[in-house]
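FYI, the numbering just counts along the sequence from 1. In this text, all values refer to a predicted model and were calculated from it rather than measured experimentally.
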Amino acid sequence: MATLAKYRHAFLTGLQSNLVYRWNFAVRGCFSVFHPVVVFILWSAVYAGHARIGSFDLAQTLTYFVSLIVLQFFIGAFNEDYQISEDIRNGLINQFLLKPINYFLYRLSVFSAARLVSGLLVLLPLAFALPLLWHYLVLPHELWRLAFGLPAALLAALIQFTIAYCFGLLAFWFLEIQSFIILSMAVESLLGGQMFPLDLMPPWLFRVSQFLPYFYQMYFPAAIFTGRIGYAAALEGLVIQSVWAVLLLGVAQFLWMRGLRRYTAVGG
């Protein structure tokens, strides 16, 4: 219980810290409303003269992108990698080495608090936009999608955070990690379904992407919620997603232990 209390306090502290900057999240959320407008204009042009592309119509594609926007604010790792690298470079990580606090769980608690605040705040501008978009959206009604989608979203958040955590730990070896982060963001945007739904790729390439961690960062939970994949594919995906979560946690622990061997405590 004492262990849980430590990270509960870290979560509450992170919650308070992010509420201080709630207007930043709110403004970002308001600007996010323009994203569905751009998506609507772009994909309406793509669908011009076509009732369906692949197996999906325009309404299903627009629903996918709106769901993606909401998921990004609830589970996306925005700048955790930079924060972790700054802790290492500035010596702020020293305080965690001298106390019985797991740095990964501490950062995960702060990340969870930030995503809760940003996710709830983005719902406000979307509530005003939904009446305009409602006629263009279509959601499936199968209850199993909610039962599979929620754990998929939580695992996706864990995978995103752990990847960001691993990139942040590269500061143990490199003075500047920005190039690594930019490369990761580019690959994630392409293979994570943020530029286009992955099921529009050739079938063999789509199948290959299902064995990569990027598939499970955004596309997978969004595809479950919006009906782009069926029951069997969702069940298989949850298994693969769980395996990736465990593997990435192992990589994070390995980098942490090896990084501490190279670390020289200064500052803090």
For this session: Kindly state whether the ring of Trp244 and the ring of Phe211 have centres lying under 6.0 angstrom apart.
Result: no
Exercise. Do the two ring centres, one from Phe104 and one from Phe161, sit under 6.0 Å apart?
Worked result: yes
For this session: Tell me whether the guanidinium CZ or amine NZ of Arg115 lies under 6.0 angstrom from the six-membered ring centre of Phe73 and within 45° of its axis.
Result: no
Exercise. Would you say the side chain of Tyr216 lies within less than 4.5 Å of the side chain of Gln210, judging by non-hydrogen atoms?
Worked result: yes
Exercise. Any chance the rings of Tyr165 and Phe111 have centres within less than 6.0 Å?
Worked result: no
For this session: Check whether NZ of the Lys or CZ of the Arg Arg228 lies under 6.0 Å from the centre of the six-membered ring of Tyr64 and within 45 degrees of that ring's axis.
Result: yes
Exercise. Would you call Arg89 and Ser85 a side-chain contact if the rule is heavy atoms closer than 4.5 Å?
Worked result: yes
For this session: Might you work through the side chain to side chain donor-acceptor pair (under 3.5 Å) test for Tyr47 and Asp57, ending with a clear yes or no?
Result: CA-CA 8 Å; Tyr47 272 89; Asp57 58 24; over 6 Å; no
Exercise. Which heavy atom in Pro140 sits nearest to a heavy atom in Arg145, and how many Å separate them?
Worked result: CG-CD, 3.4 Å
Exercise. Counting N and O atoms only, with roles assigned by atom type, does the side chain of Asn102 sit under 3.5 Å from a partner on the main chain of Leu105, one being a donor and the other an acceptor?
Worked result: yes
For this session: Evaluate side chain to side chain donor-acceptor pair (under 3.5 Å) for Gln194 paired with Gln72, printing each intermediate quantity in order.
Result: CA-CA 10 Å; Gln194 298 181 39; Gln72 283 176 333; 3.0 Å; yes
For this session: Quick one: sort the Tyr103 and Trp256 rings into parallel, tilted or perpendicular, breaks at 30° and 60°.
Result: parallel
Exercise. Does Glu236 come within less than 4.0 Å of Arg207, counting only side-chain N to carboxylate O?
Worked result: yes
Exercise. Below 6.0 angstrom between ring centroids: does that apply to Phe180 and Phe174?
Worked result: yes
